[in-house]
Amino acid sequence: ADAAMYAAKAKGKGTFQYFEAHMNVEAQRRIELETKLRRALENGEFVLCYQPKADVGLSGITGAEALVRWRHPADGMIAPDRFIPVAEETGLIYPLGNWILRTAFLQAKAWAARFPGFRLAINLSARQLLADEFIADLADILRETGVSPQSIELEITESLVMHDIDTATRRLRSITAQGIRIAMDDFGTGYSSLSYLQKLPIDILKIDRSFIQEYTGPQDVERAALIKAIIAMGRSLNMRVVAEGVETAQQLELLSRHACDEIQGYLLSPAISAEQLECYCADFPQRSKAVS
Ligand code: C2E
Ligand code: MG
Ligand code: MG
Ligand code: MG
């Protein structure tokens, strides 16, 4: 932004005024969106969808990932990419994140009772994990909902950890001490060193979908080697390895051959409503025959 301002200034006063006006429009848009998000939270317009995960042999559903959507009264379903960044910048991610945790924990409790071993994964933002109140709030939500911590996974990203590695490490240790598992999401897309991987209490490695999607078949020898290496690394660090964005039977075959643990992706299902997920789990033995 500084460079842009400098360039605008260098071009003369007219350009700078234009630039300033443009900035005001952008700032205005953010303030409006923040107000809308706050109201949406009060009005109960956020919903969670759930994307199932299965073991690589497709013998059963292992759990699901909760993915938030904004059900806008006029504009319909809005994807998280369009509001999570603003919620993070404005701090609204904190109350929204607590709503997501509470809703997902209640759902996880119901599903763990119905589908043995079922675990629900929930995405965490940096602002949430690094907030002073987070550990206390998490304990409150666990107690209020009565969910078993063993039914919960929290997904974090490399960039989240890199914000403040010492605080993140302390918080993650206190979370895993309570029995909740930690997954490293979108693995392979960050810029951080690998050394933190063994220092942090990470139980699950989720290979980013870009690695999986680039693989189109056995002729992709180098891409296959990369996926194989990531799986081997995760396993040697005693992590479960999950592949996200699995869309084709060929991708599944590769992951199965290299002993990845779980898969998630459109090959199984997109994110669906809670009711649809229940039908999906009940019908899975039939469905899995069609997939493989
Ligand atoms: P993510 O955690 O990496 O979630 C996976 C995204 O990949 C989801 O997009 C999912 O719909 C999409 N996806 C799953 N399988 C496939 C596939 O086979 N092919 C393709 N092309 N895409 C697939 P979605 O729901 O739009 O979520 C986008 C991102 O928004 C998430 O990425 C996550 O970073 C963030 N997000 C979603 N829900 C939450 C939340 O509750 N809290 C926070 N903090 N972030 C969230
Ligand atoms: Mg995720
Ligand atoms: Mg991911
Ligand atoms: Mg992502």
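Residue numbers start at 1 and run along the sequence shown. First listed ligand is number 1; within each ligand, the first listed atom is number 1.
For the side-chain hydrogen bond (donor to acceptor under 3.5 Å, both in side chains) criterion with Gln264, the lone passing option out of Glu244, Glu65, Arg209 is Glu65. None of Val242, Ile231, Val246, Leu254 except one satisfies the side chain to side chain contact (heavy atoms under 4.5 Å, CB included) rule with Cys260; the exception is Ile231.
Close contacts of ligand 1 with Gly245, meaning ligand atoms under 4.0 Å from a residue heavy atom, involve 16 (C), 17 (C), 18 (O). Close contacts between ligand 1 and Glu244 involve ligand atoms 3 (O) [criterion: under 4.0 Å to a heavy atom]. Listed by number with element, the atoms of ligand 1 under 4.0 angstrom from any heavy atom of Asn123 are 2 (O), 38 (N), 39 (C), 40 (C), 42 (N), 43 (C), 44 (N), 45 (N), 46 (C). Atoms of ligand 1 found under 4.0 Å from any heavy atom of Asp81, numbered from 1 in the order shown, are 28 (C), 29 (C), 30 (O). Atoms of ligand 1 found under 4.0 Å from any heavy atom of Gly265 (numbered from 1 in listed order, with element): 15 (N), 18 (O).
Polar contact with ligand 1: absent for Gln128 (N/O pair, distance under 3.5 Å). Taking only nitrogen or oxygen atoms, main chain and side chain alike, Glu88 does not reach within less than 3.5 Å of ligand 1. Between Val68 and ligand 1, a contact under 3.5 Å exists for at least one N or O pair. The shortest N or O to N or O distance between Gln264 and ligand 1 is not under 3.5 Å.
Of all heavy-atom pairs spanning Ile272 and Gln276, the tightest one is CB-OE1, 3.4 Å.
Under the 4.5 Å side-chain heavy-atom criterion for Ile, Leu, Val, Met, Phe, Trp and Tyr, Leu67 and Ile78 are members of distinct hydrophobic clusters.
With respect to the salt-bridge test (charged N to carboxylate O, under 4.0 angstrom), the residues Arg30 and Glu26 qualify.
Of the possible donor and acceptor atoms, one in the side chain of Gln251 sits under 3.5 Å from a partner among the backbone N and O of Tyr215. For Arg127 (side chain) and Glu88 (main-chain N/O), a donor-acceptor pair under 3.5 Å exists by modelled atom type. Side-chain atoms of Thr62 come within 3.5 Å of backbone N or O of Lys53 as a donor-acceptor pair.
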Verdict with reasoning, Lys36 to Glu32, per salt bridge (Lys or Arg N to Asp or Glu O under 4.0 Å): CA-CA 6 Å; Lys36 282 188 193 152; Glu32 277 168 20; 5.2 Å; no
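Within the 4.0 Å heavy-atom criterion, neither part of Lys206 lies near ligand 1. Here Leu48 has no heavy atoms under 4.0 Å from ligand 1, in either its backbone or its side chain. Only side-chain heavy atoms of Pro80 come within less than 4.0 Å of ligand 1; its backbone N, CA, C and O stay farther off. Contact annotation: for Asp186 versus ligand 1, heavy atoms closer than 4.0 Å belong to the side chain alone.
With Thr248, Leu67, Asp185 as candidates, the residue nearest to atom 2 (O) of ligand 1 on a non-hydrogen basis is Asp185.
The name of the N, O or S atom in Asp185 nearest to the Mg ion (ligand 3) is OD1. For Asp186, the N/O/S atom at the shortest distance from the Mg ion (ligand 3) is named OD1. Summary: OE2 is the N/O/S atom of Glu65 found nearest to the Mg ion (ligand 2).
Because the distance cut-off is set at 2.8 Å, Glu244 fails to qualify as a neighbour of the Mg ion (ligand 2), as none of its N, O or S atoms comes that close.
Taking the Mg ion (ligand 2) as the apex, the angle formed with OE1 of Glu155 and OD1 of Asn123 is 90°, to the nearest 10 degrees.
The side-chain contact (heavy atoms from CB on, under 4.5 Å) search around Asn43 returns Arg39, Glu45, not counting sequence neighbours.
Taking the six-membered ring for Trp, Phe83 and Phe46 have ring centres closer than 6.0 Å.
Using modelled atom types and a 3.5 Å distance limit, the side chains of Ser148 and Gln150 yield a donor-acceptor pair.
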